[in-house]
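Just below is one structure, and these are the notes that go with it.
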Amino acid sequence: MTDKTRIELLNINHLGKTWAADAAMYAAMKGAILALLPDGKPGLTVAQIQARVPALLPQDLYPGGAKAGWWVKAVQLDLEARSIIRREKVSPLRLHKA
């Protein structure tokens, strides 16, 4: 991808396929998620991440946490596909750094 304002998102559930997304929003969400996640088990649930992440996001990109829920999931799946974070197969799903 040559456009520096876009990034290719991966998805652990659809390996080999990519989706274009806003690079600045991705970078902000990635930083927030990685700041929240512990290095190991038991990790955090997606609900816990979604509840905590808005406080770590820049207001110019995510005013009042707008669209944060969608971006949490999109970036979570991308980071899993890149082996940066890992999921524990428990219910509810828990995530931690790989």
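Nothing here was measured: the structure is a model prediction, and the numbers come from that model.
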State yes or no: do Leu77 and Ile85 share one hydrophobic cluster built from I, L, V, M, F, W and Y residues joined by side-chain heavy-atom distances below 4.5 Å, directly or via other members?
no
Reported CD1-to-CZ distance for the pair Ile12 and Arg87, which is rounded to 0.5 angstrom:
7.0 Å
In the single-linkage hydrophobic clustering (I, L, V, M, F, W, Y; side-chain heavy atoms under 4.5 Å), do Leu93 and Val90 co-cluster?
no
What are the two closest non-hydrogen atoms of Ala28 and Pro58, and how far apart are they?
CB-CD, 3.8 Å
Rounded to the nearest 0.5 Å, what separates atom CG in Leu79 from atom NZ in Lys97?
11.0 Å
For Gln59 and Gly64, indicate whether the former's side chain and the latter's backbone hold a donor-acceptor pair under 3.5 Å.
yes
Set of residues satisfying side chain to side chain donor-acceptor pair (under 3.5 Å) with respect to Arg86, sequence neighbours excluded
none
If you group Ile, Leu, Val, Met, Phe, Trp and Tyr by side-chain heavy-atom gaps below 4.5 Å, do Leu10 and Val72 land in one group?
no
Contacts of Thr45 that satisfy side chain to side chain donor-acceptor pair (under 3.5 Å) - sequence neighbours left out:
Gln48
Note: Pro38 and Gly43 closest approach over all heavy atoms is CG-CA, 3.6 Å
Gap between atom CZ of Arg6 and atom CE of Met25 - 0.5 Å precision:
10.5 Å
Working to the nearest 0.5 angstrom, can you tell me the gap between Asp22 CG and Thr5 OG1?
6.5 Å
Leu37 and Leu95: which non-hydrogen atoms are nearest, and at how many Å?
CD2-O, 3.4 Å
Give a yes or no on whether the backbone of Trp71 and the side-chain of Tyr62 come within a donor-acceptor separation of less than 3.5 Å.
no
So, taking the atom named CD1 in Ile49 and the one named CG in Leu56, what distance separates them when rounded to the nearest 0.5 Å?
11.5 Å
Separation between CD (Gln76) and CG (Asn11), nearest 0.5 Å, reads 9.0 Å
Please give me the minimum heavy-atom distance between Leu61 and Ala24, naming the atom from each residue.
CD1-O, 3.6 Å
Run the side chain to side chain contact (heavy atoms under 4.5 Å, CB included) test on Leu36 and Val53 for me, step by step, so that the C-alpha distance in whole Å, both residues' side-chain angles and the decisive distance to 0.1 Å come before the verdict.
CA-CA 8 Å; Leu36 287 172; Val53 81; 4.0 Å; yes
Does any part of the side chain of His96, heavy atoms only, come nearer than 4.5 Å to the side chain of Leu44, both counted from C-beta?
no
Are any side-chain N or O atoms of Lys30 and backbone N or O atoms of Val75, one a donor and one an acceptor, separated by less than 3.5 Å?
no
